[in-house]
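Reviewing the structure listed below.
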Amino acid sequence: HHPGTAGVMMETKMGKFKPALPFSSPRSVGANASFFGSIVAIQRMSSKSLELARQSEDQYNDLFGFFVTFAYYRTFFSSTRRYLLHNRAIGAGFTFTLAYSMLS
(Lines give C-alpha, C1' and ligand atoms only; values in the text may rest on other atoms or scores of the structure.)
Protein backbone atom coordinates (compact mmCIF):
# COMPACT_ATOMS: atom_id res chain seq x y z
CA HIS A 1 0.00 0.00 0.00
CA HIS A 2 1.04 3.57 -0.58
CA PRO A 3 2.31 5.29 2.62
CA GLY A 4 -0.44 7.01 4.59
CA THR A 5 -3.39 5.25 2.94
CA ALA A 6 -6.23 3.43 4.64
CA GLY A 7 -4.73 0.08 3.65
CA VAL A 8 -1.55 0.84 5.57
CA MET A 9 -3.50 1.91 8.65
CA MET A 10 -5.58 -1.28 8.52
CA GLU A 11 -2.48 -3.46 8.22
CA THR A 12 -0.86 -1.61 11.11
CA LYS A 13 -3.86 -2.22 13.36
CA MET A 14 -4.09 -5.90 12.39
CA GLY A 15 -0.37 -6.46 12.76
CA LYS A 16 -0.13 -8.21 9.40
CA PHE A 17 2.01 -6.66 6.70
CA LYS A 18 1.58 -7.64 3.07
CA PRO A 19 4.15 -5.93 0.87
CA ALA A 20 2.90 -4.72 -2.46
CA LEU A 21 4.60 -5.90 -5.59
CA PRO A 22 7.21 -3.43 -6.85
CA PHE A 23 5.63 -0.94 -9.21
CA SER A 24 2.24 -2.65 -8.82
CA SER A 25 0.47 0.67 -9.11
CA PRO A 26 1.41 4.06 -10.51
CA ARG A 27 0.96 5.60 -7.06
CA SER A 28 3.82 3.53 -5.63
CA VAL A 29 6.36 4.71 -8.23
CA GLY A 30 6.89 8.07 -6.53
CA ALA A 31 7.35 6.53 -3.10
CA ASN A 32 9.80 3.94 -4.43
CA ALA A 33 11.73 6.55 -6.42
CA SER A 34 12.09 8.88 -3.44
CA PHE A 35 13.26 5.99 -1.26
CA PHE A 36 15.88 4.56 -3.60
CA GLY A 37 16.89 7.92 -5.04
CA SER A 38 17.61 9.41 -1.64
CA ILE A 39 19.62 6.37 -0.54
CA VAL A 40 21.78 6.52 -3.67
CA ALA A 41 22.15 10.30 -3.46
CA ILE A 42 23.28 10.23 0.19
CA GLN A 43 25.81 7.47 -0.50
CA ARG A 44 27.29 9.21 -3.54
CA MET A 45 27.31 12.67 -1.96
CA SER A 46 29.04 11.50 1.22
CA SER A 47 31.53 9.33 -0.67
CA LYS A 48 32.43 12.01 -3.21
CA SER A 49 32.63 14.71 -0.52
CA LEU A 50 35.20 12.69 1.39
CA GLU A 51 37.06 12.01 -1.85
CA LEU A 52 37.21 15.73 -2.57
CA ALA A 53 38.36 16.55 0.96
CA ARG A 54 41.05 13.85 1.00
CA GLN A 55 42.07 14.29 -2.67
CA SER A 56 42.22 10.51 -2.91
CA GLU A 57 39.98 8.00 -4.68
CA ASP A 58 39.96 4.70 -2.80
CA GLN A 59 37.70 2.20 -1.03
CA TYR A 60 37.71 4.18 2.23
CA ASN A 61 35.51 6.81 0.61
CA ASP A 62 32.93 4.17 -0.32
CA LEU A 63 33.12 2.63 3.14
CA PHE A 64 32.51 6.07 4.68
CA GLY A 65 29.55 6.53 2.30
CA PHE A 66 28.13 3.19 3.42
CA PHE A 67 28.21 4.13 7.11
CA VAL A 68 26.69 7.56 6.45
CA THR A 69 23.93 5.93 4.38
CA PHE A 70 23.28 3.34 7.08
CA ALA A 71 22.88 6.06 9.72
CA TYR A 72 20.61 8.02 7.36
CA TYR A 73 18.48 4.92 6.74
CA ARG A 74 18.14 4.11 10.44
CA THR A 75 17.20 7.71 11.24
CA PHE A 76 14.64 8.47 8.55
CA PHE A 77 13.18 5.07 7.73
CA SER A 78 12.68 3.72 11.25
CA SER A 79 9.01 4.69 11.40
CA THR A 80 6.17 5.52 9.04
CA ARG A 81 5.93 9.06 10.39
CA ARG A 82 9.60 9.79 9.74
CA TYR A 83 9.33 8.19 6.31
CA LEU A 84 6.44 10.46 5.37
CA LEU A 85 8.30 13.52 6.66
CA HIS A 86 11.35 12.42 4.68
CA ASN A 87 9.33 12.12 1.47
CA ARG A 88 7.81 15.55 1.99
CA ALA A 89 11.23 17.09 2.58
CA ILE A 90 12.68 15.42 -0.53
CA GLY A 91 9.66 16.54 -2.56
CA ALA A 92 9.93 20.11 -1.30
CA GLY A 93 13.66 20.17 -2.02
CA PHE A 94 13.08 18.87 -5.54
CA THR A 95 10.32 21.43 -6.14
CA PHE A 96 12.46 24.32 -4.89
CA THR A 97 15.37 23.14 -7.03
CA LEU A 98 13.17 23.09 -10.12
CA ALA A 99 11.71 26.49 -9.31
CA TYR A 100 15.17 27.98 -8.74
CA SER A 101 16.52 26.53 -11.98
CA MET A 102 13.58 27.92 -13.95
CA LEU A 103 13.77 31.38 -12.40
CA SER A 104 17.50 31.93 -12.66
Side-chain angles (χ1 to χ4, degrees):
H1 295 287
H2 189 68
T5 60
V8 171
M9 300 305 170
M10 184 177 66
E11 286 178 358
T12 303
K13 288 179 184 177
M14 291 175 49
K16 294 182 181 178
F17 174 70
K18 295 180 186 176
L21 295 173
F23 306 109
S24 60
S25 70
R27 292 183 68 195
S28 69
V29 173
N32 290 332
S34 68
F35 176 78
F36 292 114
S38 64
I39 292 292
V40 170
I42 290 297
Q43 196 280 333
R44 296 308 301 158
M45 185 179 71
S46 59
S47 176
K48 291 297 182 178
S49 296
L50 185 62
E51 179 182 327
L52 182 65
R54 293 177 62 228
Q55 294 294 311
S56 175
E57 183 177 346
D58 56 12
Q59 70 274 12
Y60 297 115
N61 300 335
D62 292 331
L63 191 62
F64 174 76
F66 168 78
F67 285 113
V68 170
T69 305
F70 182 72
Y72 179 84
Y73 177 82
R74 287 190 57 185
T75 302
F76 289 106
F77 300 119
S78 60
S79 71
T80 303
R81 181 176 176 272
R82 286 184 177 184
Y83 180 65
L84 291 173
L85 292 173
H86 169 266
N87 284 351
R88 289 178 184 154
I90 294 296
F94 184 73
T95 303
F96 288 134
T97 301
L98 282 178
Y100 179 77
S101 66
M102 290 178 165
L103 296 175
S104 59

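The structure displayed is predicted, hence computed values, not measured ones.
- Taking hydrophobic clusters as Ile, Leu, Val, Met, Phe, Trp and Tyr residues chained together by side-chain heavy-atom distances below 4.5 Å, Phe64 shares a cluster with Met45.
- Contact between Arg82 and Thr75 at its shortest, heavy atoms only, is NH1-O, 2.9 Å.
- Legend: residues meeting side chain to side chain donor-acceptor pair (under 3.5 Å) with Ser47, ordered by chain and number and at least two apart, are Asp62.
- Ser46 and Gly65 make their closest contact through OG-CA, 3.2 Å (heavy atoms, listed as atom of the first residue, atom of the second, distance).
- For the ring pair (Phe, Tyr, Trp, His ring centres under 6.0 Å) test, residues two or more places apart in sequence or in another chain that qualify with Tyr73 are Phe77.
- When every heavy atom of Asp58 is checked against every heavy atom of Arg54, the shortest pair comes out as OD1-NH1, 2.9 Å.
- Here NE2 of His86 is found 14.5 Å from CZ of Arg81. Values are rounded to the nearest 0.5 Å.
- Phe70 CZ to Ile39 CD1: the interatomic distance, rounded to the nearest 0.5 Å, is 11.0 Å.
- Considering OG1 of Thr69 and CD1 of Ile42, their distance stands at 7.0 Å, rounded to 0.5 Å.
- Ring geometry for Tyr72 against Phe76 counts as tilted: the plane angle lies between 30° and 60°, on a 0 to 90° scale.
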Sequence neighbours left out, cut at 3.5 Å: what donor-acceptor pairs do the side chains of residues 89-101 make with other protein atoms?
residue	atom	partner	partner atom	Å
Thr95	OG1	Gly91	O	2.8
Thr97	OG1	Gly93	O	2.7
Ser101	OG	Thr97	O	3.3
Ser101	OG	Leu98	O	2.8

